[in-house]
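Some notes on the structure that comes next.
The figures here come from the full heavy-atom set of this structure, side chains too, leaving out hydrogens, waters and symmetry mates. Please read these numbers as outputs of a predicted model, since none were measured by experiment. Throughout, residue positions are numbered sequentially from 1 according to the sequence presented.
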Amino acid sequence: MTDNFDPADAGCWIARGRQPHHAAALAEAWNCFPDLPNDAPLDARMTRTRERVAMLRPLHDAMTRETEAERQRTNFAFAERQVADGTDDGRYAVILRARDAHGYEWNAAVTYAEGHHAARAGWDSRFKGSERASDIDRRRHAYDHGFRDGGGQPDDIFDAARRAFVATSSKPVHADSPRAARPLPSQWPMPTDVPPPASWHRRLILLGASECASGTLGILSMLRERPGHDAATLYVISAANGLRSLSTPAHEAPDDGADLRERLHAGDYSDILVAADDAEIARIDADAGLLPLVRTMERTRNSVLQQRAQFRLWLARGRAPGEQFAAGHIRWSKMAAGLSGRLGDFTARYAGPAGSRGHRIVVDDASGGPAFGYRTALGQRLHPEIVIGNKRHARTAMADLLRQYAASLRLG
């Protein structure tokens with residue numbers, strides 16, 4: 001990923017997470033209708049933009065359909081896993097039945113299951129849906145369908161009382177089934193900037209074999225650009241062979257389970273991250289007993305772009321020797337004057353161009369003025385104003401400044 005982005009180059013789009021066929025179509029549109037020079041008439045430049053938008057409209061429509069199809073596939077696959085694992089409370093089985101027996105898509109199938117559950121629980125028929133939703137009528141019909149299939153009879157004035165009596169008398173009296181003592185890696189939350197920083201030697205990274213094969217565009221290349229990453233421990237997850245150290249050749253037999261578990265539990269880790277595809281996540285779920293329980297356990301999820309953004313948050317929490325910075329969620333806002341972020345009593349803001357070249361970033365403290373007089377824990381003086389060369393790096397520079405100031409001391 002480079003700072004010089006060329007929209008007519010498909011490789012630039014691929015480097016930012018686009019699928020190859022999408023990247024080719026985007027690059028073709030920019031090749032056919034490139035931007036006109038800034039000194040061209042405004043009407044001509046606007047016409048050129050409209051032509052490019054019109055050419056890209058079929059692509060955007062296709063991307064919307066692909067995204068929706070993937071959402072349907074992922075959601076129904078999750079429901080099937082819940083039923084297969086025996087962790088279903090009955091609703092996922094009804095969702096799958098709504099799909100198979102009635103041909104409902106995901107939203108309608110979920111609404112059907114809600115109506116079915118309401119009828120079985122002895123509740124009144126109360127469909128709750130946003131009136132702004134485009135499929136409100138279809139979902140209301142699915143809810144009514146599920147309510148009737150669950151035994152509800154809205155026309156009977158004694159219907160609610162009868163179903164409530166049946167539901168109460170049919171409740172099991174045995175104790176709840178025991179829950180798992182630890183969450184599986186597939187259930188871990190996504191990385192955020194809220195957990196405290198961790199030294200790199202106390203960080204464990206489990207990368208899927210597919211992620212390791214992504215080369216210069218993957219998470220591994222992002223990791224190697226971070227100072228101090230060499231102290232972290234890396235393991236590879238293979239859907240076929242399980243967990244192995246990154247230094248172990250792929251053709252060699254995987255490590256013995258007992259030795260691997262002992263080595264991982266002896267690592268004194270405080271932070272674990274998993275970045276893998278669905279098959280690899282399923283394999284590490286099966287081998288979850290090998291992993292130690294630590295303070296922060298996370299996994300990347302959703303689209304490629306979202307996973308890259310989540311991994312950047314995880315990278316930013318890594319602390320190299322001699323570094324001192326604060327954790328916590330930075331509240332970002334886009335003001336008329338530009339981007340600003342707030343952490344604790346400090347606010348970083350974009351302060352406009354710096355002369356002929358560069359851009360100014362200023363940090364204010366609780367007084368509302370520049371944050372003078374602050375030093376790091378090691379005694380280094382902090383300057384409330386810096387100049388960066390590329391405005392696209394403003395968010396990263398502001399985040400670094402805010403975390404330094406939030407962990408600083410004010411002397412005098």
Do [X] and [Y] pair up side chain to side chain, a donor and an acceptor below 3.5 Å, judged on atom types alone?
| X | Y | answer |
| --- | --- | --- |
| Ser303 | Gln306 | yes |
| Thr347 | Asp364 | no |
| Asp149 | His145 | yes |
| Ser340 | Ser333 | yes |
| Glu225 | Ser221 | no |
| Gln72 | Glu68 | yes |
| Thr111 | Arg139 | yes |
| Asp345 | Tyr405 | no |
| Ser210 | Glu280 | yes |

Tyr350/His359 aromatic ring centres below 6.0 Å: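 Yes.
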Check: Trp106 ring centroid to Phe78 ring centroid under 6.0 Å: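 Not close enough - the centres of the two rings lie 6.0 Å or further apart.
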Parallel, tilted or perpendicular, as decided by the 30° and 60° cut-offs, for the rings of Trp314 and Phe311: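 Geometry flag for Trp314 against Phe311: parallel rings.
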Plane angle bin for Phe147 and Tyr143 - parallel if under 30°, tilted between 30 and 60°, otherwise perpendicular: parallel
Do [X] and [Y] touch side chain to side chain, with heavy atoms closer than 4.5 Å?
| X | Y | result |
| --- | --- | --- |
| Arg16 | Arg308 | no |
| Glu385 | Ile361 | no |
| Asp35 | Trp30 | yes |
| Leu315 | Met222 | yes |
| Val94 | Tyr112 | yes |
| Val363 | Pro370 | no |

Ionic contact status for Arg283 with Asp287, cut-off 4.0 Å: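 Answer for the salt bridge query: yes.
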Under-4.0 Å salt bridge between Arg140 and Asp137: yes
Shortest non-hydrogen separation from Arg301 to Gln307 and the atoms involved: O-CG, 3.2 Å
Candidate list Leu220, Ile272, Leu223, test side chain to side chain contact (heavy atoms under 4.5 Å, CB included), partner Ile205, passing option: Leu223
Pair Glu105-Arg99, salt bridge (Lys or Arg N to Asp or Glu O under 4.0 Å): steps then yes or no: CA-CA 6 Å; Glu105 48 83 29; Arg99 178 198 64 179; over 6 Å; no
Cation-aromatic face contact Arg203/Trp200, 6.0 Å, 45 degrees: yes
Arg202 CZ to Arg319 CZ distance, which is reported to the nearest 0.5 Å: 9.5 Å
Candidate list Arg312, Arg331, Arg317, Arg403, test salt bridge (charged side-chain N to carboxylate O under 4.0 Å, His left out), partner Asp193, passing option: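 It is Arg403; the other options fail the test.
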CZ (Arg295) with more than 12 external heavy atoms under 6.0 Å: yes
